[in-house]
Structure formats: structure tokens, C-alpha cells
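Please read the structure below before turning to the comments.
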Amino acid sequence: MAAPTVEGAQVPPPPPSARRRWAPLLELLPPALLVVLGTVLLSAGHGLWFDELFTAEVARLPFADIVHAATSGEATTSYLAGVPPSYNAPYYLVVHLWTLLPGLGGDTSLRVLSLLATAGGIALVTRAVGRLAGRATGVLAGLALAANPLLLEQSVEARSYGLAVLATSGALLGLVRWLQGAPRGLLLFGLAGAGMGLMHWYAVTVLAAFVVGALVLRRRRALPVAVVGTLAALPAVGLVGMNLVNGVGSRNAEHLRDTDGALVRLALEAWAGGRTPLLYLTVALAVLGAVRGRGARVLGACWVLVPLGLLLVAELARPVFLPRYLLAGLLGLGVLAAAGALALPRGARAAVGALLVGFSLLASAPMADREPREQADRLAEVLADLHRPGEPVVGADLRSAMGLDHYVRTEVPELRADLFLPPDDAPPDADRVWLVRRQIPGGYSGTDDVDLLTDAGLAVTREWSFRGSKTDLVLQLWTR
């Protein structure tokens, strides 16, 4: 169509308003917020704790060794007997490739991978929800997720949840594109859906939720989504099957909690960081979003209800609850809450949206000065100052051994010649022995080193305590 003319001269179309020109940049706010908040948490410089140490020690192994340990159910080192890298093997392989990049072999880089993956996931959620329900809803959903305490906590740890968030968000965007008439969106849905389950197999419940949402919205026309979703779940099913065959089975089941039917309430509390204002506001807005939300109502409701429903059924057979395991499913709660805020009368939307993000930030604020989860790094530093060449250093239990092994390798390699890790014991003729133990409520983790040292005529003469929110370590000096 020709532009309007004035006296025969062509007049260019009017430039877009500044508001419209800058609007797409608003989608960058949520991932930027997550990166800023995550950087604040990383700046504390706390050392890795056991789960992260496991990531660091497994991921540095050759690719073939990781695959062999995962498929055979064998441990990667002597003190990890019975703890093979099987369920998270795909994640360790990704981290292995990440550490091959120049300058990315350190502890912080492992956490940065999680932060960048989560930020990418937030960007994809913002875009997908924006396509469904409008840019304002997408941006608010992204901000609410970026500020959420449960998501933020996992975004700065060297574990698989950041990549699970990225894959879940990619699957959502692929599904949204397919719903809006782009057939290639189904390819993204399938590939990202497979990645969801490989990064954490609980995320398969969210994949099922997306399929249910597509069936509700498109009925018979969603058959391709159901087929692709089923195929995308097969890698996760194969991963679980591999662990059943190689004898790993439910090795981590002791960490799971039986909620006695209170799984939904506990999940909501975990999402809100235990903060009542955020909990009540999120639930109220999520209900409103499920009832009146525009565009994202159906997918958001399925995203929340299907995973929680499946886990409630599974809990009838065995415990399944651990807050971080539910993270991928709880992302839908933030999306529904944003949809609910935008379903309010126009005059109240900005204020309620600001409250949602503000309450999330307040719930996350205590993490800025949280104590270390484990101080194996500090213990190794103190030990290096006190230790004399030739004095045995003994890791008495699995967690103590893991911390010693990692930080002796990375920070104080001069201790390596004197390091004894399970099942090795200190030489019986030593006059001074440094023993590192894990302290638990009511005592210490079990070890035979105490009896061996006592029988050899040694006794504790000094002790240093290193407290952590996850692990308490104690350094003991035994002398004759």
C-alpha cells in the first residue's frame, strides 16, 4: 500500500512511538534480574558443598569414564562406594564439556553454568508467556520467577536444576509456537522435552502437563504433540530403567520425605520460601489466573495441577517429596500468578504485580548473607597452615573425604602425599594424625578410625569446628 502523499510528494510512515520501540527490551528485564541477583549470591564466595563437590569431581573425569560409571553403577573413587553418578549422568556429561572450554575449570564456573542456564530459561518463559498472553504478562511472569527464592537458590548451585529450567522453558516455547501455527515448534518441544527428563526425571511430569494442556486446547489436533511428548519422555524412562538394571535403583530415596498427604501445601510453602505474604498472594493470584487469566490460563493450570497430581498419586506408594525436585513443576505457579495479576481491573494490575515481585524479592533477601553450606574449603586452608610434612591427614567419612579430596587437589596440593581417604586408614605408628569428621546431631558419622587411633595410643588434643547449613565438619588433632 502506497504511503499517503501531500502535493504529490511521498510522505514516510510515522515512526513508531518510543514506547513501542523500547517494548521488546522489556523481555530482557527478567533474565537480567536473575543474573544480578545470582551474581550477588555468588559474590559471597562460599565453597562447594557435597552435592556440588560430587559434580566437580565426576565432571572432571574423562567422558568415557563417566559413561562407564553411570551405566555399570560403579563408583568413581574408593570412598564413594555405592554412590555412582547414574541418575544425573547426562548433567555430568554436559558439565564435562563445559569445563573443557578455556578458563572454565574452576568451582565458580560450575555455578555460573547453572546461573546462565536458568537465565536462559527465564528468557524463554518470558517470551513464551508473552506470545500466549501478551508481553506484560510474560514480563511479569519472568520477573516473578527470577526473584523467587526456590528458583534463585538452585540457580547458583552446581547441580542440574538450572539446565532443567532451561529445557522446560524451551519445551514451553516450542509448544506455544506450535499452538500458534508454527509446525517447527514441535521439533523444539520434542528436543527440549527430552532434555527436561535427562536433566531431572521429575520434569517428565511437566512434559505430561504440556501434553495435557495441548489436548485440552486442540483436542484431536494435538495428537502430534502427544506422540512427540511420549517420544521425548523415553530418554528419561531409559535413564530410570538403566538405574534399576545396574542396581542403583532408589539409592537416594532416604532423602525423600513422606508428607502424609500434605505435599501440595509443602510445595507451595517451599515456592514462597516459607513467607506467608508471598504464599497467600501467589495462591490467590494463581487461582484467579486459572479462572480468568488470558491466554496462559489452560497451560498454566495444567503446568501446576498435573505434576502435583501425579506426585500425590506416586506418594501413595513411596515418599517423593523434596522441594528442589518439584522446581520444574512449580514454575507454572509463577506463570499463573502473573496471569492472575493481569486479570485484575486495569488500575490494580501494576500495584499487584509490583507486590508479587516485591514479596518474592523479600523472601529471597535472606540468601544474600546466608552462611556457607559446607566449609571444606576453609578447613583445608586452616589444615594447610597447621600441618607438618609427614603427618597423616585422614578423611573419616564420605563427606569429609569428598571435601578433602577436592580442595587438596585444587587449593593445597602439598597435602596430597599425606592424605588418606576411605577405605585407607592412618599408619598405626604415626605420632600426630589429623582426622576430619562430619558432625551430626548427637555425635559424629560412624568411622573405625577413632578405635584404631585410640588403640594405637593416640587421643584428641585439639579440635576445630567448621559449621555449615548442610554439613558440619570437625578437624581433630590426635597425638600420643
Ala426 to Pro392 - nearest heavy-atom pair and separation = CB-CB, 4.2 Å

Kindly compute the distance separating CG (Leu166) from OG (Ser160), expressed to the nearest 0.5 Å.
-> 12.0 Å

Roughly how far, to the nearest 0.5 Å, is CG of Asp431 from OG1 of Thr479?
-> 9.0 Å

Any Lys/Arg nitrogen of Arg373 or Glu153 sitting under 4.0 Å from an Asp/Glu carboxylate oxygen of the other?
-> yes

For Ala167 and Ala192, work out which heavy atoms get closest and say how close.
-> O-CB, 3.3 Å

Side chain of His406, backbone of Thr410: donor and acceptor closer than 3.5 Å?
-> no

With distance as the sole test, does Thr71 use its side chain to make a donor-acceptor pair with the main-chain N or O of His68 at under 3.5 Å?
-> yes

Does the Asn148 side chain pair with the main chain of Leu151, one donor and one acceptor, at a distance under 3.5 Å?
-> yes

Hey, is the main chain of Leu361 close enough, under 3.5 Å, to the side chain of Ser364 for a donor-acceptor pair?
-> no

Identify the heavy atoms of Ser400 and Leu473 that sit nearest to each other, and give their distance.
-> OG-CD2, 3.8 Å

Is the shortest distance from a Lys or Arg side-chain nitrogen in Arg111 or Glu52 to a carboxylate oxygen in the other one below 4.0 Å?
-> yes

Under the ring-ring contact (aromatic ring centres under 6.0 Å, His included) rule, what pairs show up with a residue in residues 456-480, not counting sequence neighbours?
-> Trp434-Trp464

Keeping the roles fixed (side chain from Tyr202, backbone from Leu311), state whether a donor-acceptor pair exists under 3.5 Å.
-> no

Mind checking whether Phe210 and Trp303 have parallel, tilted or perpendicular rings, split at 30° and 60°?
-> perpendicular

State, to 0.1 Å, how close Leu278 and Ser360 come at their nearest heavy-atom pair, and which atoms those are.
-> CD1-OG, 3.5 Å

Nearest atoms (heavy-atom pairs only) where Ala209 meets Cys302 = CB-O, 3.2 Å

Under 3.5 Å, is there a donor-acceptor pair between the side chain of Asp397 and the main chain of Ser445?
-> no

Could you tell me the separation between the CG atom of Leu207 and the OG1 atom of Thr205, rounded to the nearest 0.5 Å?
-> 9.0 Å

Kindly indicate, with the supporting measurements, whether the criterion side-chain contact (heavy atoms from CB on, under 4.5 Å) is fulfilled by Glu157 and Thr55.
-> CA-CA 10 Å; Glu157 296 207 346; Thr55 295; over 6 Å; no

Heavy-atom closest pair (Gly468 atom, Glu371 atom, distance to 0.1 Å) is C-OE2, 4.2 Å

Find the distance between CE (Met196) and CG (Leu163) and round it off to the nearest 0.5 Å.
-> 13.0 Å

Thr168 side chain to Ala328 backbone, donor-acceptor under 3.5 Å | no

What is the distance from atom CD of Glu411 to atom CG of Asp377, rounded to the nearest 0.5 Å?
-> 7.5 Å

With a 3.5 Å cut-off and no angle check, do the side chains of Glu57 and Thr77 form a donor-acceptor pair?
-> no

Donor-acceptor contact present, side-chain His96 to main-chain Arg60, <3.5 Å = no

For the side chain of Gln375 and the backbone of Arg467, is there at least one donor-acceptor N/O pair under 3.5 Å apart?
-> yes

The reported gap from CG in Leu41 to CG in Leu152 (rounded to nearest 0.5 angstrom) is 5.0 Å

Does any N or O in the side chain of Tyr91 come within less than 3.5 Å of the main-chain N or O of Arg159, such that one atom is a donor and the other an acceptor?
-> yes

